[in-house]
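Step one of this worksheet: look at the structure below.
Since the structure is predicted, the reported quantities are computational estimates derived from the model, not experimental observations. Counting begins at 1 with the first residue of the sequence.
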Amino acid sequence: EYPVAMKKSIRRFSLPLVALVLCGCAAEPAAERPAPASEAEAPAATDWAALVPQGRTPLDGILTGGQPTPEQLEALSAAGFRTVINLRQPSEPGVEGEAEKVAALGMRYVSIPVAGAEGLSEDNVRALAEALAAAPGPTLLHCGSSNRVGALLALKAHWLDGASPEEALERGRAAGLTKLEPAVREILQAPDRGE
């Protein structure tokens with residue numbers, strides 16, 4: 001015979017479980033997707049930009065931005081983010097401990113070190129494309145300010161997605177491309193618009 005308190009707990013959890021089984025619904029395992037503490041705490045996709053410095057949402061399921069703090073990584077996890085792709089080099093300030101923090105929060109971590117204009121290579125663009133294709137759920141793609149993020153996304157748009165040089169630059173700007181635009185423009189052999 002179970003104690004009274006245990007009987008109440010069993011009854012409380014059994015009925016919803018039976019209802020799920022009867023209606024053919026299945027709950028997603030907790031390990032598959034960390035749930036936010038409450039729905040009120042989980043920002044909508046339109047609010048993602050506020051989660052990190054220079055945050056933008058240029059593509060579905062992708063938040064681009066600058067270096068997140070540990071607290072911002074926690075907020076990303078609570079919002080349902082599943083992957084963090086970091087384009088910063090390991091020696092840059094603020095990067096230390098990020099991989100461990102992301103792993104502790106149950107998210108996937110990918111590092112693709114990009115050294116400014118010198119890192120705007122086809123190898124890095126392909127590595128980014130592969131990481132994005134393999135990323136489950138919402139993804140943060142960041143560097144220090146989102147400039148390298150925009151540069152690589154612009155090159156990806158042209159080299160891999162078939163965008164014209166000007167369309168690729170627009171996509172890059174939407175993701176944070178600023179100071180690296182002349183280097184990207186040169187790589188794409190796009191004329192300067194005189195801005």
First locate atom CD1 of Ile112, then atom CG of Leu152, and finally report the distance between them rounded to the nearest 0.5 Å.
-> 7.5 Å
Shortest non-hydrogen pair, Ala168 vs Ala163, comes out as N-CB, 4.1 Å
Under 4.5 Å between any side-chain heavy atoms of Ile85 and Tyr109, yes or no?
-> no
Keeping the roles fixed (side chain from Ser145, backbone from Gln54), state whether a donor-acceptor pair exists under 3.5 Å.
-> no
Given side chain to side chain contact (heavy atoms under 4.5 Å, CB included), test Leu87 with Val149 step by step and report yes or no.
-> CA-CA 7 Å; Leu87 301 185; Val149 168; 3.8 Å; yes
Of all the heavy-atom pairs spanning Val84 and Met107, show the shortest one and how long it is.
-> CG2-CE, 4.1 Å
Test item: Glu130 side-chain N/O and Ala127 main-chain N/O as donor-acceptor pair under 3.5 Å = no
List the steps and the verdict of side chain to side chain contact (heavy atoms under 4.5 Å, CB included) for Arg148 and Arg88.
-> CA-CA 9 Å; Arg148 283 171 277 185; Arg88 300 187 80 197; 3.9 Å; yes
How many angstroms lie between atom CG of Leu63 and atom NE2 of His142, to the nearest 0.5 angstrom?
-> 10.5 Å
If you take all heavy atoms of Gly65 and Val52, which pair is closest and at what distance?
-> CA-CG2, 4.1 Å
Would Leu169 and Glu181 satisfy side chain to side chain contact (heavy atoms under 4.5 Å, CB included), going step by step from the backbone distance to the final call?
-> CA-CA 8 Å; Leu169 286 167; Glu181 184 170 336; 4.1 Å; yes
Just wondering, do Leu140 and Pro68 contact through their side chains at under 4.5 Å, heavy atoms?
-> yes
Which atom pair, heavy atoms only, marks the closest approach of Gly119 to Asn124?
-> O-ND2, 2.7 Å
Taking every non-hydrogen atom, the tightest pair across Leu180 and Gly116 | CD2-C, 4.3 Å
Any donor and acceptor pair, going by atom type alone, linking the side chain of Gln189 with main-chain N or O of Glu186 inside 3.5 Å?
-> no
Is there side-chain contact between Gln89 and Val114, with heavy atoms separated by less than 4.5 Å?
-> no
Does Gly137 offer a backbone N or O that forms a donor-acceptor pair with the side chain of Thr139 under 3.5 Å?
-> yes
Between NE2 on residue His158 and OG on residue Ser164, distance to nearest 0.5 Å = 8.0 Å
Measure the CG-CG distance between Leu141 and Leu59 for me, rounded to the nearest 0.5 Å.
-> 9.0 Å
Set of residues satisfying side-chain hydrogen bond (donor to acceptor under 3.5 Å, both in side chains) with respect to Thr178, sequence neighbours excluded = Asn147
Can you tell if the side chain of Arg171 reaches within under 4.5 Å of the side chain of Pro58, non-hydrogen atoms only?
-> no
For the side-chain contact (heavy atoms from CB on, under 4.5 Å) test, which of Val125, Leu177, Leu128 pairs with Leu153?
-> Leu128
Would you sort out whether Glu98 and Leu73 count as a side chain to side chain contact (heavy atoms under 4.5 Å, CB included), showing the intermediate values?
-> CA-CA 9 Å; Glu98 181 176 313; Leu73 290 171; 4.1 Å; yes
Side-chain donor or acceptor of Thr64 paired with backbone N/O of Ala175 under 3.5 Å | yes
Looking only at heavy atoms, which two atoms of Pro138 and Gly80 are closest? And how far apart?
-> CD-O, 3.5 Å
Just wondering, do Pro53 and Gln67 contact through their side chains at under 4.5 Å, heavy atoms?
-> no
Answer whether the closest heavy-atom distance between the side chains of Leu155 and Leu188 falls below 4.5 Å.
-> yes
Does the side chain of Glu166 come within less than 4.5 Å of Arg185's, by heavy atoms?
-> yes
Applying salt bridge (charged side-chain N to carboxylate O under 4.0 Å, His left out), name anything that partners Arg108, two or more places apart in sequence or on another chain.
-> none
Report the C-alpha separation of Arg173 and Glu167 in whole Å, then their side-chain angles, then the decisive distance to 0.1 Å, and conclude whether the salt bridge (charged side-chain N to carboxylate O under 4.0 Å, His left out) test is met.
-> CA-CA 10 Å; Arg173 288 184 205 110; Glu167 291 168 335; over 6 Å; no
